[in-house]
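One-based numbering, in listed order, for ligands and for the atoms of each. This structure is a prediction, so every number in the text was calculated from the model and none was measured.
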Amino acid sequence: MALGGTIASSLASAEARGITPSLGVANLLASIPAIETVAEVDGVDFRRMPSGDLTFVDLVELAGRIDEALHAGAHGVVVIQGTDTLEETAFALELLVRTTGTVVVTGAMRSPNEVGHDGPANVLAAVRVAAAPRSAHVGCVVVMNDEIHAARFARKTHSTSPATFRSPSAGPLGWCVEGRVRWTSSVRPLADVGRPVVARLAAVAILRLALGDDARLIESLARLDYAGAVIEGFGAGHAPARVVDALETLAQSVPVVLASRTGAGEVLSATYGYPGGEIDLLHRGLVSSGALDALKARVALTLALAAHDNRRDALDAFARVVASVTHE
Ligand code: DAS
């Protein structure tokens with residue numbers, strides 16, 4: 001299922017100001033003859049756009065198409081897209097796809113115009129992973145630069161490097177080498193977020209806290225009609241004492257999730273006791289993102305809110321998803 005991105009981008013004309021997603025999936029597959037030795041592949045042009053233009057509506061439709069393909073007998077599905085939002089779409093697909101089967105999301109950091117275009121190698125590795133026998137739950141994974149990352153932990157960590165995708169909290173699940181797929185660890189299935197109703201999809205904001213912040217942005221969030229908010233707090237989930245009242249007030253009107261701006265590790269729950277520490281913030285009604293980073297917490301909260309018609313059920317579903325990211 002091809003969605004566009006750098007992997008499908010070229011110069012539309014000699015005068016063009018830069019590359020744009022213009023190539024179809026047939027073009028890409030034709031450049032990877034070795035794929036035929038791995039699997040029988042059907043290419044679908046689902047969208048042709050920069051990944052920053054994708055929406056949750058696109059992802060709900062895409063998940064439906066993936067479910068159909070898996071029901072129809074596909075062993076796995078490879079989604080080929082822009083890398084800019086890939087970590088969010090991969091996690092959304094893990095929550096949205098309901099049929100058992102491997103879903104692999106990949107892309108490229110160098111376009112077909114550049115020397116060292118990484119698209120063909122990434123797609124070939126992705127097809128290998130999607131076609132590999134499954135001995136444990138695989139769910140949705142990101143395959144880039146011959147590494148396999150769980151969707152729940154993968155992050156784009158570099159603006160241009162082909163080694164941009166990493167799992168800072170957990171490390172990769174495995175890798176591809178000499179045409180083989182190697183697994184070193186596995187994850188368990190995520191809890192069911194529910195079935196999102198497209199008409200109920202509503203915007204959830206992310207707000208990153210920074211040194212010296214006051215409460216103005218938090219107070220204005222309450223007036224902007226967001227369905228919820230994710231606060232990227234300091235360290236293990238902390239905020240300046242001067243904004244805690246505003247956060248508590250916001251949490252009384254919409255669900256407010258507390259994440260960490262560090263990009264790895266968990267939000268704590270029982271360590272720091274000062275005003276604005278995680279104990280205080282959770283006590284004031286904020287909800288922990290656990291080991292999910294802010295982008296993924298926003299995906300989970302958006303889908304949970306669209307799947308349930310009341311806040312309590314949505315937050316319960318969100319909390320179950322958070323709890324299922326890791327296991328004892
Ligand atoms: N940054 C580009 C990419 O890596 C564009 C996009 O995300 O669509 O594919």
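- Under a 4.0 Å heavy-atom criterion, Ser9 is not in contact with ligand 1.
- Among Lys296, Arg261, Arg208, the one residue that satisfies the salt bridge (charged side-chain N to carboxylate O under 4.0 Å, His left out) test with Glu232 is Arg208.
- For atom 3 (C) of ligand 1, the closest heavy atom belonging to the protein is Thr6 OG1, 2.7 Å.
- No more than 12 heavy atoms of other residues, nucleotides or ligands shown are found within 6.0 angstrom of CZ on Arg195.
- Remark: among candidates Ile80, Thr83, Leu54, the nearest residue to atom 4 (O) of ligand 1 is Thr83, based on non-hydrogen atoms.
- There is a side-chain donor-acceptor pair under 3.5 Å between Thr99 and Asp67.
- Contact of the Ser288 side chain with the Leu258 side chain is not registered, since no non-hydrogen atoms from C-beta on lie closer than 4.5 Å.
- Here's the thing with Thr85: none of its N/O atoms is less than 3.5 angstrom from an N/O atom of ligand 1.
- A distance of 13.5 Å separates CG in Leu281 from OH in Tyr272, rounded to the nearest 0.5 Å.
- Looking only at heavy atoms of the protein, atom 1 (N) of ligand 1 is closest to Asp84 OD1, 2.7 Å.
- In this structure, Leu303 CG and Arg298 CZ are separated by 10.0 Å, a value rounded to the nearest 0.5 Å.
- Annotation: atom 7 (O) of ligand 1 to nearest protein heavy atom, Ser51 OG, 2.6 Å.
- No N or O atom of Gln81 sits closer than 3.5 Å to an N or O atom of ligand 1.
- Set against the non-hydrogen atoms of Gly5, the atoms of ligand 1 under 4.0 Å away are 8 (O), 9 (O).
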